[in-house]
Amino acid sequence: MKYDLAIIGSGPAGLTASVYASRYGIPNVVIGTVAGGLASHAPDVGNWLGTKKISGFEFGQNALEHAKSLGAEMVVDLVDEIKKENGTFSLLLKNGNAIEAKAVLLATGTERKSLSIPGEKEFAGKGVSHCATCDGFFYKNKTVVVIGGGDSAAGAAIFLANIAEKVYLACREKSLSCETFWHKKIGENSKIEMLHGSNVLEIKGEQKVSSVVLDKPYKGSNEISVDGVFIEIGAMPNTKLAKDLGVELDEEGYIKIKTDGSTNVEGIWAAGDITNGSDKFKQIITAAAEGAVSVHSIKAYLKK
């Protein structure tokens, strides 16, 4: 399969890039596994202009259908390797197939960070989750703890409070770092109890999660009983493909991009949470903007 542009990643950056590419008449393919990327995990998206409120899942599905409606090809898979030969890129997929493209846009986003504590791996899928919207249903009328202090943690706590009987929000700092909007929502919800300045040291249980161990006492004990643990401590850029291509990264591991989204490797662009662009403000709108800007530059490149 040959295309002018191969877009790796099906989040807001990748799908927006596809929409612009199709409108410019650039044959393109989007390679990814989850429509909307990490944004699809958001309980509610309330800052996308023109849409007062929408679930992350619905947002991702709408974005996918929009891109497909304009003629983009979609491949549900992962890219194992990218090779550049005679000015053309060859993308080897996990299923063994290969795709050729004149230009590549890396929009692979980020991967969830791990706590690296005892019990985290052992109870994955048995009470430990990184996605409240995916797994929250299993904790109806139960007790859960959300670990983190940013927007994703706050949003997960609000979402789970509509399902669970009790939600602890363990934040290692003395205060949350989320938006004021989330602060207010949490303060108004009687089901959510803050554990400020608390670190979870261990996740315990037998067949499934039964408790977590804190580094400071809570009501006289360092151990609290919970049925589920939701880890929302941020993410790190997914840059393996970029490293293999010799794409330059910054000190934090994000892809360095120019104002037009291009990288130091000719024919390679990057957009979204994987880059050092947009002041690293990881939002749907900034990812979408970077995807659009990149394709504007790619259009000029392909004309050459």
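Computed from a predicted structure; not experimentally measured. FYI, side chains are in, hydrogens and waters are out, and symmetry mates aren't considered; it's all heavy atoms of this structure.
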Short question: side chain of Thr286, backbone of Lys282 - any donor-acceptor pair under 3.5 Å?
no
Ion pair Asp44/Lys185, N-O distance below 4.0 Å:
no
Using the side-chain contact (heavy atoms from CB on, under 4.5 Å) definition, which of the options Leu92, Ile8, Val104 pairs with Val79?
Ile8
Nearest 0.5 Å, please: how far is NE2 in His196 from NZ in Lys216?
9.5 Å
Which atom pair, heavy atoms only, marks the closest approach of Gly148 to Ile233?
CA-CG2, 4.2 Å
Check whether any side-chain heavy atom of Val247 lies under 4.5 Å from a side-chain heavy atom of Asn264, and answer yes or no.
yes
Using atom types as modelled and distance alone, determine if a side-chain donor or acceptor of Asn199 lies under 3.5 Å from a backbone N or O of Asp215.
no
Should Ile117 and Ile224 be counted in the same cluster of Ile, Leu, Val, Met, Phe, Trp and Tyr side chains packed under 4.5 Å apart?
yes
Which heavy atom of Thr110 sits nearest a heavy atom of Ala235, and at what distance?
OG1-CB, 3.3 Å
How long is the gap from CG on Leu115 to CD1 on Ile147, to the nearest 0.5 Å?
5.0 Å
Around atom NZ of Lys102, are there more than 12 heavy atoms from other residues, nucleotides or ligands closer than 6.0 Å?
no
Lys280, NZ: over 12 other non-hydrogen atoms inside 6.0 angstrom:
yes
Just so I know, are the side chains of Ser294 and Tyr20 near enough to count as touching, which here means a heavy-atom distance under 4.5 Å?
no
For Glu73, run the side-chain contact (heavy atoms from CB on, under 4.5 Å) check against Val29, Val30, Ile99 and tell me which one passes.
Val29
To the nearest 0.5 angstrom, please state how far the CD atom of Glu122 sits from the CD1 atom of Ile203.
8.5 Å
Of His41, His130, Arg112, the residue whose pairing with Glu232 passes side-chain hydrogen bond (donor to acceptor under 3.5 Å, both in side chains)
Arg112
Mark yes or no for whether Ser55, through its side chain, and Glu58, through its backbone, hold a donor-acceptor pair below 3.5 Å.
yes
Main-chain N/O of Ile274 paired with Asn238 side-chain donor or acceptor, under 3.5 Å:
no
Determine whether a donor-acceptor pair (N or O, by modelled atom type, separation under 3.5 Å) exists between the side chain of Ser40 and the backbone of Gly37.
yes
Is there side-chain contact between Cys171 and Met194, with at least one heavy-atom pair below 4.5 Å?
yes
For the backbone of Ala161 and the side chain of Lys191, can you confirm whether one donor and one acceptor N or O come within less than 3.5 Å of each other?
yes
Check the hydrophobic clustering (I, L, V, M, F, W, Y; side-chain heavy atoms under 4.5 Å; chains of links allowed) and say if Leu5 and Leu91 are grouped together.
no
Side chain to side chain contact (heavy atoms under 4.5 Å, CB included) against Asp80, all qualifying residues, sequence neighbours excluded:
Lys94
Trp269 side chain near Ile298 side chain, heavy-atom distance below 4.5 Å:
yes
Leu214 and Val200: CA distance, side-chain angles, deciding distance, side chain to side chain contact (heavy atoms under 4.5 Å, CB included) verdict:
CA-CA 5 Å; Leu214 306 175; Val200 175; 3.9 Å; yes
Between Gln283 and Asn47, which heavy-atom pair has the shortest distance, and what is it?
OE1-ND2, 3.2 Å
Cluster check Leu176, Ile158: I/L/V/M/F/W/Y, side chain < 4.5 angstrom
yes
Examine the side chains of Ser211 and Glu223 and answer whether a donor and an acceptor come within less than 3.5 Å of each other.
yes
Pairwise distance CZ(Arg23) to CG(Leu70) - rounded to 0.5 angstrom
7.0 Å
Would a single hydrophobic cluster contain both Ile268 and Tyr301, if residues Ile, Leu, Val, Met, Phe, Trp and Tyr are joined by side-chain heavy-atom contacts under 4.5 Å?
no
To the nearest 0.5 Å, tell me how far Leu38 CG sits from Glu111 CD.
9.5 Å
Ignoring hydrogens, what is the shortest heavy-atom contact between Ser177 and Gly150? Give both atom names and the distance.
OG-CA, 3.6 Å
Hey, are the side chains of His66 and Thr16 touching, using non-hydrogen atoms and a 4.5 Å cut-off?
no
Side-chain donor-acceptor pair under 3.5 Å between Asn95 and Asp77, yes or no?
yes
Taking Ile26's backbone N and O only, do any of them form a donor-acceptor pair with Asn28's side chain (distance below 3.5 Å, no angle check)?
yes
Does Glu206 CD have over 12 foreign heavy atoms under 6.0 Å away?
no
Show the numbers, then the answer: is there a side chain to side chain contact (heavy atoms under 4.5 Å, CB included) between Ile54 and Asn62?
CA-CA 10 Å; Ile54 188 173; Asn62 288 350; 3.5 Å; yes
Are there more than 12 heavy atoms of other residues, nucleotides or ligands under 6.0 Å from atom NZ of Lys126?
no
Are Val295 and Tyr3 connected in the hydrophobic side-chain network, where two residues link if heavy atoms are under 4.5 Å apart?
no
Closest non-hydrogen atoms of Ala35 and Gln61, given as atom of the first, atom of the second and distance, are CB-NE2, 3.9 Å
Might you work through the side chain to side chain contact (heavy atoms under 4.5 Å, CB included) test for Phe230 and Leu160, ending with a clear yes or no?
CA-CA 10 Å; Phe230 290 84; Leu160 290 166; 3.6 Å; yes
Of all the heavy-atom pairs spanning Gly25 and Pro27, show the shortest one and how long it is.
O-CD, 3.4 Å
Answer yes or no for Lys166 and Tyr168: cation-pi contact, defined as NZ/CZ to six-membered ring centre under 6.0 Å and angle to ring axis within 45°.
yes
Looking at Phe281, is its backbone amide N or carbonyl O close enough to the side chain of Asp279 to form a donor-acceptor pair, meaning the two atoms are under 3.5 Å apart?
no
Within 6.0 Å of CE in Met74, more than 12 heavy atoms from elsewhere
yes
Would you call Val144 and Val226 a side-chain contact if the rule is heavy atoms closer than 4.5 Å?
no
State, yes or no, whether a side-chain contact exists between Val229 and Phe123 at a heavy-atom distance under 4.5 Å.
no
For Val146 and Val167, what are the C-alpha separation, side-chain angles and deciding distance, and is it a side chain to side chain contact (heavy atoms under 4.5 Å, CB included)?
CA-CA 7 Å; Val146 177; Val167 179; 4.1 Å; yes
What is the distance from atom CG of Asp273 to atom OH of Tyr254, rounded to the nearest 0.5 Å?
7.5 Å
Quick one: does Phe138's side chain get under 4.5 Å of Asp227's, heavy atoms only?
no
